[in-house]
Amino acid sequence: MSDRTTNTADGDAGGRAAADRGRAMTGVADAVRRARDTLVGLSHSLHAEPETAMREYKSAAKIAAVLDGAGFSVTPAAGGLPTALVGTYGTGDLVVALCAEYDALPGIGHACGHNVNGAAAVGAALALAAVADTVGITVELVGTPAEEDIGGKALLLEAGVFDGVAAAMMVHAAPEDSVGASSLAVGAWDVTFHGRPAHAALAPWEGVNALDAMTLAHTAVGLLRQQLPPGTLVHDIVLEAGHAVNVIPELARGRYELRARTTEDLDRARERVRACLEAGALATGAELELTSHGRDFADLRQDPFLTAAYVRAARALGREPVPRHGEVMASTDMGNVSHAVPSLHPTIGYDTGGALQHTEPFARHGTSPGADQAVVDGATALARVGVELATDPVARRRFLDLVGERTAGGAPGDRS
């Protein structure tokens, strides 16, 4: 008799939990529908006034205004970054963070679709706020500047902004819907060779040619590429190398960027490239100065539960994300967050006429009807994932336990 009573009670509890989840799923969808004009307007406004890394003052203010109007508590300049922000709503023990990107690319505006990314994250935050008390969560909208440059998310992670977060999520604009991909780890150096000037015709032997040092380094790296493992890439540009043709260049400046499948592979490649740069200095007598440009981006590790929940959410909206498990995207500072916090970073697709990210044609499609629908669907799908996490007792406990382990003494990045 007692077993039957227990089973009945468990069944009733399960039924109530399913009903609560269903009501919350309806609630987030309704909230996104109500906010549609606001979200699309935000996406278009960000697109119309593109701002590059660490200059996103107007973009951050626009997002803050939407959050403030929805009752969020907004902290500007989060983590000491002037164009970052955190908007908070709710008091639940499960903290769900939506990462909003909004920086553009120099010269070509929102050619990576961050206007779509940012507006979708804001929409998901508004939707989850509508059910925060029902499902027991705290919603955080984390405004993350400079993804295209120095890595705002990495800096915010170091500043402790993600310390109490149980799950961090975002969607990224793309020509297709996809889930599960990783990304390449990336790091960059600002490279300067210091030489000595001399008259190029009267006494060139008295000079130390910084351009020669840069040229030799570039050539050495070109030869190195044959010995680099698959997925390891090196890109470089020369920013300055003399100002008068009849003067031996005393200064040459450039930037080197390295990408690899993992942070460990990145570290190994860095040592090989450093040797090439040092060789340029050794051969010419120039002095080499290396300065890290921003933070390294770690490889992206996506949480299986969040990914599976996103697939269900996307399918409920009529989308069919392409599984990209084992494949790599370019690079993202969301990788740093994913090494510390369970994370989700799918792509949300719309027609771009065949154009890929980081091109002017891709930017032109950023306010198309398809892009607008991506904002709405991305917001709804992320919010549905948040609801599923909050209402799945096993997953909720696991994610909360991970927060406890991390805050009990582990540093960001300790999660394997």
Side-chain angles (χ1 to χ4, degrees), residues 1-32 88-99 121 124-142 162-171 179-180 301-317 321 325 337-346 379-410 414-416:
M1 183 67 177
S2 61
D3 286 346
R4 286 197 298 273
T5 302
T6 301
N7 291 340
T8 301
D10 289 345
D12 290 345
R16 287 194 299 272
D20 289 344
R21 176 182 293 183
R23 284 192 292 270
M25 290 292 191
T26 300
V28 296
D30 289 345
V32 173
T88 305
Y89 190 102
T91 58
D93 59 344
L94 186 77
V95 182
V96 178
L98 290 309
C99 295
L126 298 182
L128 285 172
V131 299
D133 292 340
T134 302
V135 298
I137 63 173
T138 295
V139 185
E140 288 190 357
L141 187 286
V142 184
F162 290 93
D163 280 359
V165 170
M169 306 188 296
M170 62 170 287
V171 293
V179 293
R301 301 175 181 179
Q302 301 206 52
D303 182 81
F305 176 88
L306 298 178
T307 298
Y310 182 84
V311 170
R312 288 188 284 272
R315 286 174 175 167
L317 298 170
H325 306 281
V337 177
S338 76
H339 280 235
V341 179
S343 297
L344 175 68
H345 188 288
T380 305
L382 289 177
R384 288 178 67 93
V385 174
V387 169
E388 184 166 339
L389 170 60
T391 57
D392 183 312
V394 175
R396 183 186 182 109
R397 184 70 266 154
R398 179 173 73 87
F399 278 60
L400 286 171
D401 287 346
L402 286 171
V403 175
E405 292 170 10
R406 194 167 74 245
T407 57
D414 279 355
R415 176 176 168 267
S416 61

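Along the sequence shown, residues are numbered consecutively beginning with 1.
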Shortest non-hydrogen pair, Ala390 vs Leu94, comes out as CA-CD2, 3.8 Å
Margin query: For Asp93, is there an ion pair with Arg396 - N to carboxylate O distance below 4.0 angstrom?
Written below: yes
Nearest heavy-atom contact between Val165 and Val403 is O-CG2, 3.5 Å
Interatomic distance, CG@Leu98 vs CE@Met169, rounded to 0.5 Å, equals 5.0 Å
Heavy atoms of Ser343 and Ser338 approach each other most closely as OG-CA, 3.3 Å
Is any side-chain heavy atom of Glu405 closer than 4.5 Å to a side-chain heavy atom of Leu402?
yes
- Task: Flag the pair Asp20 and Arg23 as a salt bridge only when some basic side-chain nitrogen lies within less than 4.0 angstrom of an acidic carboxylate oxygen.
- Result: yes
In Leu382, Leu141, Val387, the residue satisfying side chain to side chain contact (heavy atoms under 4.5 Å, CB included) with Leu128 is Val387
- Message: Would the distance check show the side chain of Arg384 and the main-chain N or O of Met25 forming a donor-acceptor pair, the cut-off being under 3.5 Å?
- Response: no
For Ala166 and Phe399 the tightest heavy-atom approach is O-CD2, 3.2 Å
Legend entry - Side chain Thr138, main chain Gly92, donor-acceptor under 3.5 Å: yes
Hits for salt bridge (Lys or Arg N to Asp or Glu O under 4.0 Å) against Asp133, two or more places apart or cross-chain, chain-then-number order -> none
Between Phe305 and Leu389, the two heavy atoms sitting closest are CE2-CA, 3.8 Å
Residue set satisfying side-chain hydrogen bond (donor to acceptor under 3.5 Å, both in side chains) with Thr391, at least two apart, ordered chain then number -> Arg21
The reported gap from CG in Asp303 to CG in Leu344 (rounded to nearest 0.5 angstrom) is 8.5 Å
Value for CG (Leu126) from OH (Tyr89), rounded to nearest 0.5 Å, stands at 10.5 Å
Note: Val341 and Phe162 closest approach over all heavy atoms is CG2-O, 4.0 Å
In this structure, NE2 of His345 is separated from CG of Leu306 (nearest 0.5 Å) by 13.5 Å
